[in-house]
Amino acid sequence: MKKLLFLLILLLPGCSLKYETLGPLNQAPGLLDEAYIAADGKSLALSTWAPKGEPEAIILALHGFNDYRMAFDLPATYWAENGILTFAYDQRGFGEDEKAGTWAKKEALRHDVLAVLGLIRKKYPGKPVFLMGESMGGAVALYALAGSGAADGLILIAPAVWGRRPVNVVYVPALWLTAHLMPGKKFSG
């Protein structure tokens, strides 16, 4: 039994999470019809729900963990019918990203949010721009906007901002083990 435990301990470093960092910022970011191109050259799938005519307001929507941009299809369709333009992109490591299952560093996620907000403001000057985040997207939105003033408002939907202390004592090691032993596993609701 001791030998088996020792062997498992030796194998554990091989189960470590893979992190994606922000690459060199050597180009101007851009919004295409179906992609956001980051300053480090990363292409992230983008969906847009546009109203007929000029938008009254704009929402940049950030999806939650193990989700992707199309999570907003139903509400964004409704908002478009009511004059609101919605943008949603697959955050790094999710959706159609070629590195899906790889966790992005928080600085990369923040950089993407602020860059897209800047591109939206440039394309639609004078229009109110809101940042919306659901679950993990809410945590990313809070982190991105901290001290930036990049959006006119913040919409949080069940933001994932609780820390380890209030979490059930069994959940913390279970989540850690799952993240390290099965980082690419996708769970359904």
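This is a predicted model, so every value here is computed, not measured.
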Does the side chain of [X] reach to within under 4.5 Å of the side chain of [Y], using non-hydrogen atoms?
{"X": "L60", "Y": "Y89", "answer": "yes"}
{"X": "Y124", "Y": "V129", "answer": "no"}
{"X": "I155", "Y": "L131", "answer": "no"}
{"X": "Q91", "Y": "R69", "answer": "no"}
{"X": "L44", "Y": "D112", "answer": "yes"}
{"X": "P51", "Y": "L85", "answer": "yes"}
{"X": "I157", "Y": "S135", "answer": "no"}
{"X": "I59", "Y": "F87", "answer": "no"}

Could you grab the distance from atom [atom1] of [X] to atom [atom2] of [Y], nearest 0.5 Å is fine?
{"X": "R92", "Y": "E98", "atom1": "CZ", "atom2": "CD", "answer": "9.5 Å"}
{"X": "L109", "Y": "L114", "atom1": "CG", "atom2": "CG", "answer": "11.0 Å"}
{"X": "M132", "Y": "I58", "atom1": "CE", "atom2": "CD1", "answer": "14.0 Å"}
{"X": "Y36", "Y": "L31", "atom1": "OH", "atom2": "CG", "answer": "8.5 Å"}
{"X": "D40", "Y": "L25", "atom1": "CG", "atom2": "CG", "answer": "6.5 Å"}

Test of understanding: clusters of I, L, V, M, F, W, Y form through side-chain heavy atoms closer than 4.5 Å, transitively. Do L145 and I120 belong to the same one? yes
Membership question, hydrophobic clusters at under 4.5 Å side-chain separation (ILVMFWY): are V113 and L156 in the same one?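 Yes, it is one cluster - the side chains of L156 and V113 are joined through contacts under 4.5 Å.
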Provide the closest heavy-atom pair for [X] versus [Y] in the form atom of the first, atom of the second, distance.
{"X": "Q27", "Y": "G41", "result": "NE2-CA, 3.7 Å"}
{"X": "E134", "Y": "D67", "result": "OE1-OD2, 4.3 Å"}
{"X": "F72", "Y": "L62", "result": "CZ-O, 3.4 Å"}
{"X": "Y68", "Y": "G95", "result": "CB-CA, 3.6 Å"}
{"X": "L154", "Y": "A141", "result": "CD1-CB, 3.8 Å"}
{"X": "E107", "Y": "Y143", "result": "OE2-OH, 4.0 Å"}

Is a side-chain N or O of R121 found less than 3.5 angstrom from the main chain of A150, in a donor-acceptor match?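 Checked: pair present.
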Has the side chain of D90 got a donor or acceptor atom that lies under 3.5 Å from a matching backbone atom of A45? no
Lys/Arg-Asp/Glu bridge criterion (N-O < 4.0 Å) met for K127, E56: no
Charged N to carboxylate O under 4.0 angstrom, K42 versus D97?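 Salt bridge between K42 and D97, a charged N being under 4.0 Å from a carboxylate O: yes.
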Please check if atom [atom1] in [X] has more than 12 non-hydrogen atoms from other residues, nucleotides or ligands closer than 6.0 Å.
{"X": "E34", "atom1": "CD", "result": "no"}
{"X": "L32", "atom1": "CG", "result": "yes"}
{"X": "D33", "atom1": "CG", "result": "no"}

Looking at F94 versus H63, is the centre-to-centre ring distance below 6.0 Å?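 Yes, they do, as the ring centres are separated by less than 6.0 Å.
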Show, in sequence, the C-alpha distance, side-chain angles and deciding distance for V116 and L46, and conclude whether the side chain to side chain contact (heavy atoms under 4.5 Å, CB included) test is met. CA-CA 11 Å; V116 173; L46 173 78; 5.7 Å; no
